[in-house]
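Notes follow once the structure below has been shown.
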Amino acid sequence: MDITASIVSHGHGAQLAQLLDDLAGLAEPRPRRVIVTLNVPEPQRVAPLQGRHWPFEVEWLLNARPAGFGANHNRAFEHDARLGGSALLAVLNPDLRLRANPFEALVAALQADARIGAAYPVQLDAAGRLQDHERLAPTPARLLRRHLLRRARELAPGQSPDWVNAAFLLLRRAAWTEVRGFDEGFHMYCEDVDLCLRLQLAGWRLARADAAVVEHAAQRASRRRLQPLVWHAGSLLRLWRSPAWRAWRARPANANRAGRA
């Protein structure tokens, strides 16, 4: 199953180089095409990467002006379709490190069940601690518990998440196409919540591939800087007003289709 990976760099030149090296060092399965979107110019860091030979096709997209997270990945996968699109689409953050090949287990998870629309790996930080990348829908009450009471872990043992962060997702193109990718009305934050809810409302499932493990240096920028905080608050308001949110909240309590692989 062919894979196209989309990576968006916001001045992440050094981390981008590490991730491309990690991808190049993988055995099959690995992406056949990597689309790198430069959301801001970074010619000195990127020029050496553009001049290298890679064991996969690399497409470089340079934005005339910065775009949002979802818009960038949507444009990348539209570009992939024009080139002869892959069956599987990988959304990758530039701050990932791949110490082993996660794609074999992720592809196996998708092949195991035709209704799995997105598979995702286990995310650890650099110290090997589990990241809180699997969560329940972000209601105001849950956000208060998370930030005021410091209850970061939302899932009970064996409980399936409502959504997972989009630092690393491997999606079927059919699922991506059906839900029309990310909602570009979210500039930053909550686009992954919205995508996961809409996938499941459309009958697709999420699946964690336990054998796939990646390292993710989560930045949590909205906790430290004003602009990301404003984006985060605005995205939450948009999410709570969306048809997908209303449909998700109205579904039967046992209708969560997320699972394990």
Side-chain angles (χ1 to χ4, degrees), residues 1-10 12-39 42 46 49-50 52-63 67-111 116-123 133 164-177 181-182 191-192 195-196 199 206-209 211-217:
M1 299 179 76
D2 288 339
I3 302 169
T4 291
S6 170
I7 307 169
V8 180
S9 177
H10 311 269
H12 291 88
Q15 291 175 311
L16 173 64
Q18 290 180 326
L19 179 55
L20 288 174
D21 280 335
D22 287 349
L23 289 168
L26 300 180
E28 296 292 343
R30 69 181 176 205
R32 72 178 179 102
R33 177 180 294 141
V34 177
I35 300 176
V36 180
T37 301
L38 303 176
N39 207 30
E42 42 187 320
V46 170
L49 302 177
Q50 293 174 317
R52 283 179 55 178
H53 172 75
W54 300 98
F56 37 71
E57 179 185 344
V58 182
E59 293 284 320
W60 298 90
L61 306 181
L62 176 60
N63 286 343
F69 179 94
N72 279 317
H73 287 296
N74 285 352
R75 299 296 173 271
F77 294 139
E78 289 166 4
H79 183 70
D80 176 62
R82 289 192 291 271
L83 297 175
S86 297
L88 302 181
L89 306 174
V91 175
L92 304 182
N93 267 24
D95 55 359
L96 290 167
R97 294 303 310 272
L98 310 181
R99 307 300 183 182
N101 191 339
F103 287 100
E104 182 175 5
L106 293 167
V107 171
L110 291 170
Q111 291 177 328
I116 293 174
Y120 61 96
V122 176
Q123 293 182 24
H133 61 296
V164 296
N165 76 23
F168 193 137
L169 292 175
L170 185 63
L171 303 111
R172 294 183 192 273
R173 179 178 286 279
W176 176 268
T177 300
F182 286 112
E191 59 277 289
D192 42 12
L195 177 69
C196 289
L199 282 169
L206 311 177
R208 186 180 76 194
V213 180
V214 300
E215 181 182 309
H216 177 219

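Count residues from 1 along the sequence. Excluded from the calculations below are hydrogen atoms, water molecules and symmetry mates; all remaining heavy atoms, backbone and side chain alike, are included.
When all heavy atoms of Arg172 and Ile116 are compared, the pair lying nearest together is NE-O, 2.6 Å. Scanning both residues, Gln123 and Ala167, for their nearest heavy atoms gives NE2-CB, 3.8 Å. Scanning all heavy atoms of the two residues, the minimum distance from Ala119 to Ala109 falls at CB-CB, 4.1 Å. Nearest heavy-atom pair, Val214 versus Pro121, reported as atom, atom and distance to 0.1 Å: CG2-CG, 3.8 Å. When all heavy atoms are compared, the tightest approach of Leu170 to Ala90 is CD1-CB, 3.9 Å. The minimum heavy-atom distance between Ala166 and Val91, with the atom names listed, is O-CG1, 3.4 Å.
Side chains of Arg173 and Asp80 form a contact here, defined as non-hydrogen atoms less than 4.5 Å apart. Contact check for Asn72 versus Phe77: no side-chain heavy atoms found under the 4.5 Å cut-off. Looking at Tyr120 and Asn165, their side chains never come closer than 4.5 Å, going by heavy atoms from C-beta outward. By the 4.5 Å heavy-atom criterion applied to side chains, Leu89 and Ser6 are not counted as neighbours. Residues Asn93 and His216 are in side-chain contact: their nearest non-hydrogen atoms beyond the backbone lie under 4.5 Å apart. Annotation: side chain of Asp192 is not in contact with side chain of Val164 (no heavy-atom distance under 4.5 Å).
Tested against Pro31 for a side-chain contact (heavy atoms from CB on, under 4.5 Å), the candidates Ile7, Leu23, Thr4 yield a single pass: Leu23.
How far CG of Leu110 is from CD1 of Ile3: 9.0 Å, rounded to the nearest 0.5 Å. Taken to the nearest 0.5 Å, the OG1 atom of Thr37 stands 10.0 Å off from the CH2 atom of Trp60. Once rounded to the nearest 0.5 Å, the distance linking CG of Leu38 with CD of Gln50 reads 6.5 Å.
Applying the side-chain contact (heavy atoms from CB on, under 4.5 Å) criterion to Arg97, with sequence neighbours excluded, gives Gln18, Asp22, Arg99, Glu215.
Applying the ring-ring contact (aromatic ring centres under 6.0 Å, His included) test to residues at least two apart or on different chains, the pairs with a partner in residues 86-111 are Phe103-Phe168.
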Could you check His10 against Asn39 for side-chain hydrogen bond (donor to acceptor under 3.5 Å, both in side chains), going step by step and ending with a plain yes or no?
-> CA-CA 5 Å; His10 311 269; Asn39 207 30; 3.1 Å; yes
Apply the test side-chain hydrogen bond (donor to acceptor under 3.5 Å, both in side chains) to residues Ser86 and Arg33: give CA-CA distance (whole Å), side-chain angles for both, the deciding distance (0.1 Å), then the verdict.
-> CA-CA 8 Å; Ser86 297; Arg33 177 180 294 141; 4.9 Å; no
Show the numbers, then the answer: is there a side-chain contact (heavy atoms from CB on, under 4.5 Å) between Leu106 and Leu88?
-> CA-CA 10 Å; Leu106 293 167; Leu88 302 181; over 6 Å; no
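Taking 4.0 Å as the cut-off between side-chain N and carboxylate O, Asp21 and Arg52 count as a salt-bridged pair.
Checking side-chain atoms of Trp54 against main-chain N and O of Leu49 turns up a donor-acceptor pair under 3.5 Å. Checking side-chain atoms of Asn101 against main-chain N and O of Ala27 turns up a donor-acceptor pair under 3.5 Å.
Relative ring orientation between His73 and Phe182 is described as tilted, the plane-to-plane angle lying within the 30° to 60° band.
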